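One structure below.
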There are 4 protein chains.
Amino acid sequence: MPRKEQTLRNTTTGASTEAAIRTMSNDDNLVHERRQFIAGRALPLFVRQGFNRTSVREISQACDMSIGAVYHYLGSKDDIGLLVAEQMRREMIEFMNHAFEDPRPVESLRSSIAEWCRLCDRLKDNVLFLYREPRNIKEAVQKRIAEVDEQCISMFDKVLTMGVEAGVFKIANTRLFALNVYVLGNMWAFGRWYVGKFMTLDEYIEFQTDALLSSALNRR
Amino acid sequence: MPRKEQTLRNTTTGASTEAAIRTMSNDDNLVHERRQFIAGRALPLFVRQGFNRTSVREISQACDMSIGAVYHYLGSKDDIGLLVAEQMRREMIEFMNHAFEDPRPVESLRSSIAEWCRLCDRLKDNVLFLYREPRNIKEAVQKRIAEVDEQCISMFDKVLTMGVEAGVFKIANTRLFALNVYVLGNMWAFGRWYVGKFMTLDEYIEFQTDALLSSALNRR
Amino acid sequence: MPRKEQTLRNTTTGASTEAAIRTMSNDDNLVHERRQFIAGRALPLFVRQGFNRTSVREISQACDMSIGAVYHYLGSKDDIGLLVAEQMRREMIEFMNHAFEDPRPVESLRSSIAEWCRLCDRLKDNVLFLYREPRNIKEAVQKRIAEVDEQCISMFDKVLTMGVEAGVFKIANTRLFALNVYVLGNMWAFGRWYVGKFMTLDEYIEFQTDALLSSALNRR
Amino acid sequence: MPRKEQTLRNTTTGASTEAAIRTMSNDDNLVHERRQFIAGRALPLFVRQGFNRTSVREISQACDMSIGAVYHYLGSKDDIGLLVAEQMRREMIEFMNHAFEDPRPVESLRSSIAEWCRLCDRLKDNVLFLYREPRNIKEAVQKRIAEVDEQCISMFDKVLTMGVEAGVFKIANTRLFALNVYVLGNMWAFGRWYVGKFMTLDEYIEFQTDALLSSALNRR
DNA sequence: CATGAATGAGGTTTCATTCAT
DNA sequence: TATGAATGAAACCTCATTCAT
């Protein structure tokens, strides 16, 4: 599906967010690896205690590193937010590149919902962080995230539109419907209503897909 | 519908959160009024800049008060979070006491969705605050909020279950469906995807209601 | 014993400490009465929590008065310290005017020790306050207190000297011995070593008097 | 005199107060050294101005450190009080372990009085602080201090009792007599009556020892 | 590369005192 | 005379960041 990829490449090309982060090291691989490590250890702390209530000292301790070492690979605490955002972005782009292999609308919608929910489940903490701490992510990076959000929604929109054009779906507002799909993935990640307490991820995917399809399918 | 009201009363009774907040004044009316005023001025700041990035000095300035005056009516900055939560809670209880006058499932669902969305629209900032800053709200108060959330979802659940029992709806998992209704209200409040940019609240309510109904309705 | 009284009058004459405290009222009796009341309620708080850790609000509440009322009779929180000091001073002067009716050295020492201990017991809190919070009493007032301290010690000194001159006592350094008598009174007031836990005031007086006498008495 | 030492060790064992103080550093030696330094610079300020009237800023300036550096080694301003108390405690334990080598009651009393007075002279400011600012020392630490106070008094008591049993002393209440010895040391540290103005420490020790002995000695 | 001591601006909070009512 | 809301300076403390080692 080269068309899609081009579209994506067009809008997401540009200096990688990560490359903009200051470091004292020249070993790119090491830098990347250490940053992922730090972000991975910091993120649960952010989710549990909040970004502002988590000190760099705590982060360095969670990493079994010195404070100086953390700053060796990062320019500032805020940069960890960028890494979290960037990881989400990377995975979403990955997701968009691999979903929709199927040209059949129903199958395509099914698989994209499932994949999307699985992605949100895997990056639960990133999703939460992006909801909760937008003020701790640089405006520019928020925009980059908004962009992939938008692309993601557009992708769902396209699948739906395709289905509508094929006469398989009947949807009054595909854009809003696509947004619903998007939110439904995030919703699983939100621990707030304990969805995970009374349902497995697979059941969740199944029920939600069925509900959406029963609403979208064109009957006549 | 007295049964519902009783249920609600039973679970929501308890010492008001507000009464637990320290104050230097004995004039209850004044205290309440000033607190609402302070919370009202502070909330937009929190939403715009984040709770931690908003200083008490800024809040006092936004209120045209001295810092000391703010602390005359509040025990701490965190207490403003409680007020925000409490306001949401109050309005949700109010909402639950007045919705669903209609015994017809479809009408009842329609009106409850509409009212719920309007409530979320009205308390947009409170909704956002509760999503973003849970770590700045005392555990106990988060629980109180979770309680009304739960009651609210249960309420939607009951409407749906009623409809299912009446043979009007056909829903695989009413609980999850109810959760979808709940989230759909919050979703409007979330500026993140700019739903409001391409749609009015009324349109949003209409489209979403239709989509949900088309999914829920039992077609023989 | 007019000689003594003259001495005292000479050094203690001067503007009363209390008269120097600002007030909004002209009714001298009322002012005095209220001040004693306030000081009496505040002193235990100071002893229990410390002067600085006791707020004017707390004091006003302990007095069942408004903050404004407290300031109606006092110019500042510090003034309460002055009142405490002044009360001690007044009682010590009173004490000095009435002790020593007896010309016999031993009897005179006995009674003055006993009276002094009883005074310290009665003004326990004042004694403690003067030890603990000298930095919260104006320099000038500290000096006035030091003056009566000095007079008190001198008084004991005189009794001892009289005894030495009469050949009844044999004391190497009457000044230091007098100081010991003084401290022994304060010592009772100091809860720190729980003297009061294993001894009544009367026993304390008896033992201490005997010990001092057995040290002071001239044997040959 | 191994029995005494054992007794002391038994009751004074326990987690060091200092170990309970929070620090950002892991270098125990550095932490201890810096804390002693800070406490040493702060204590005279406390004595001169009072604990509450001395700000952390002043302390940090007196130490030629930044405020942050002070908090790097201490968890709070109050902790300096603990250090002051702990230093007194340490020295008193040291004192108790080394005094009383002499089995002759009179010599033993003489030397213990002298050593005690010298200790109080050396730790003048600590003594004053403990008298004046008990409300700024955690209850638990006050208790630990009360414990060594008690041990110290008991130690004097034992010496006296030994003398009484040997028929050398005749004392009605050794416990109270011991307390007098204790207080007499503190009394020197109290600047309040300017004992130091008209007497050297050695003279003070001499006079007080003679007075006590002349009271304690058994004259058939 | 790594460490962690040091910095100090800036945050929250307290509280003596004033003054309009 | 009495009230208590309001003030705002100043206190304690945190923590992101730097930099000498």
Side-chain angles (χ1 to χ4, degrees), chain A residues 22-27 30-31 34 52-61 65-80, chain B residues 22-27 30-31 34 52-60 63-79, chain C residues 22-27 30-31 34 52-61 65-80, chain D residues 22-27 30-31 34 52-60 63-79:
Chain A
R22 202 190 57 192
T23 177
M24 296 280 132
S25 171
N26 293 318
D27 183 337
L30 183 61
V31 168
R34 287 277 215 273
N52 286 280
R53 295 205 193 285
T54 304
S55 68
V56 174
R57 184 175 298 274
E58 274 178 289
I59 294 169
S60 74
Q61 280 164 352
M65 282 171 151
S66 68
I67 294 178
V70 170
Y71 276 94
H72 199 82
Y73 299 106
L74 292 171
S76 77
K77 182 186 170 187
D78 286 349
D79 288 341
I80 305 178
Chain B
R22 201 189 56 190
T23 175
M24 294 281 124
S25 174
N26 294 317
D27 183 337
L30 182 61
V31 168
R34 285 279 212 277
N52 286 281
R53 294 209 192 292
T54 304
S55 70
V56 175
R57 184 173 303 274
E58 276 177 287
I59 294 169
S60 73
C63 295
D64 293 312
M65 282 172 153
S66 68
I67 293 178
V70 170
Y71 278 95
H72 198 79
Y73 298 106
L74 293 171
S76 75
K77 182 186 170 188
D78 286 352
D79 288 341
Chain C
R22 201 190 58 191
T23 176
M24 296 281 132
S25 171
N26 293 317
D27 183 338
L30 182 61
V31 168
R34 286 277 216 273
N52 286 281
R53 295 207 194 286
T54 305
S55 68
V56 175
R57 183 175 300 273
E58 274 178 289
I59 294 169
S60 74
Q61 280 163 352
M65 281 172 152
S66 68
I67 294 178
V70 169
Y71 277 93
H72 199 83
Y73 298 106
L74 293 170
S76 76
K77 181 186 170 187
D78 286 348
D79 288 342
I80 304 178
Chain D
R22 202 189 56 190
T23 176
M24 295 282 123
S25 173
N26 295 317
D27 184 337
L30 181 61
V31 168
R34 286 279 211 277
N52 286 281
R53 293 207 193 293
T54 304
S55 70
V56 175
R57 183 172 304 274
E58 275 178 288
I59 294 169
S60 72
C63 294
D64 292 312
M65 282 172 154
S66 68
I67 292 177
V70 170
Y71 279 97
H72 198 80
Y73 299 105
L74 294 170
S76 75
K77 181 185 169 187
D78 286 352
D79 288 341

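Reminder, nothing fancy here: chain letters follow the sequence lines and each chain counts from 1. Computation of the quantities below employed the complete heavy-atom set of this structure, encompassing side-chain atoms and omitting hydrogens, waters and symmetry-equivalent molecules. Values in this document were obtained by computation on a predicted structure and should not be read as measured data.
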In whole Å, what is the span from the [atom1] atom of [X] to the [atom2] atom of [N]?
X	N	atom1	atom2	result
I67(C)	dT14(E)	CD1	C1'	12 Å
K77(C)	dA16(E)	NZ	P	4 Å
R53(A)	dG11(E)	CZ	P	15 Å
N52(A)	dG10(E)	CG	P	16 Å

query: Considering all heavy atoms of both residues, which atom of T54(B) and which atom of K77(B) are nearest to each other, and what is their separation?
result: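 Smallest heavy-atom distance, with atoms named: O-NZ, 2.8 Å.
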Kindly compute the distance separating [atom1] ([X]) from [atom2] ([Y]), expressed to the nearest 0.5 Å.
X	Y	atom1	atom2	answer
N52(A)	N52(B)	CG	CG	3.5 Å
R34(B)	D27(B)	CZ	CG	9.5 Å
Q61(C)	I67(C)	CD	CD1	7.5 Å
R57(B)	S66(B)	CZ	OG	10.5 Å
S25(A)	H72(A)	OG	NE2	5.0 Å
R22(D)	Y71(D)	CZ	OH	9.5 Å

- prompt: Between which nucleotides of DNA chain F, 5' to 3', does chain C make heavy-atom contacts below 4.0 Å?
  reply: dT1(F) to dG4(F)
Touch check for [X], heavy atoms < 4.0 angstrom, all strands: base, sugar-phosphate only, or nothing?
X	answer
L30(A)	sugar-phosphate
R34(C)	sugar-phosphate
T54(D)	sugar-phosphate
S25(C)	sugar-phosphate
M24(A)	nothing

query: Counting only side-chain N and O atoms of R22(B), is one of them less than 4.0 Å from OP1 or OP2 of dT14(E)?
result: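 Yes, because at least one side-chain N or O of R22(B) sits under 4.0 Å from OP1 or OP2 of dT14(E).
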- request: Please assess Y73(C) against L30(C) for the test side-chain contact (heavy atoms from CB on, under 4.5 Å), listing each intermediate value before the final yes or no.
  value: CA-CA 9 Å; Y73(C) 298 106; L30(C) 182 61; 3.6 Å; yes
- prompt: Between G68(D) and R57(C), which is nearer to the 5' end of DNA chain F once each is assigned its nearest nucleotide?
  reply: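 The residue whose closest nucleotide sits nearer the 5' end is R57(C).
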message: Between S66(C) and D64(B), which residue's closest nucleotide on DNA chain F lies nearer the 5′ terminus?
response: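 Checking each residue's closest nucleotide, the 5'-ward one belongs to S66(C).
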statement: Residues in residues 69-76 of chain D with a heavy atom under 4.0 Å of DNA chain E, by number, are A69(D), H72(D), Y73(D)
Pairing annotation in dot-bracket form, given for DNA chain F with Watson-Crick or G-U pairs under 3.5 Å and | for cross-strand partners: .||||||||||||||||||||
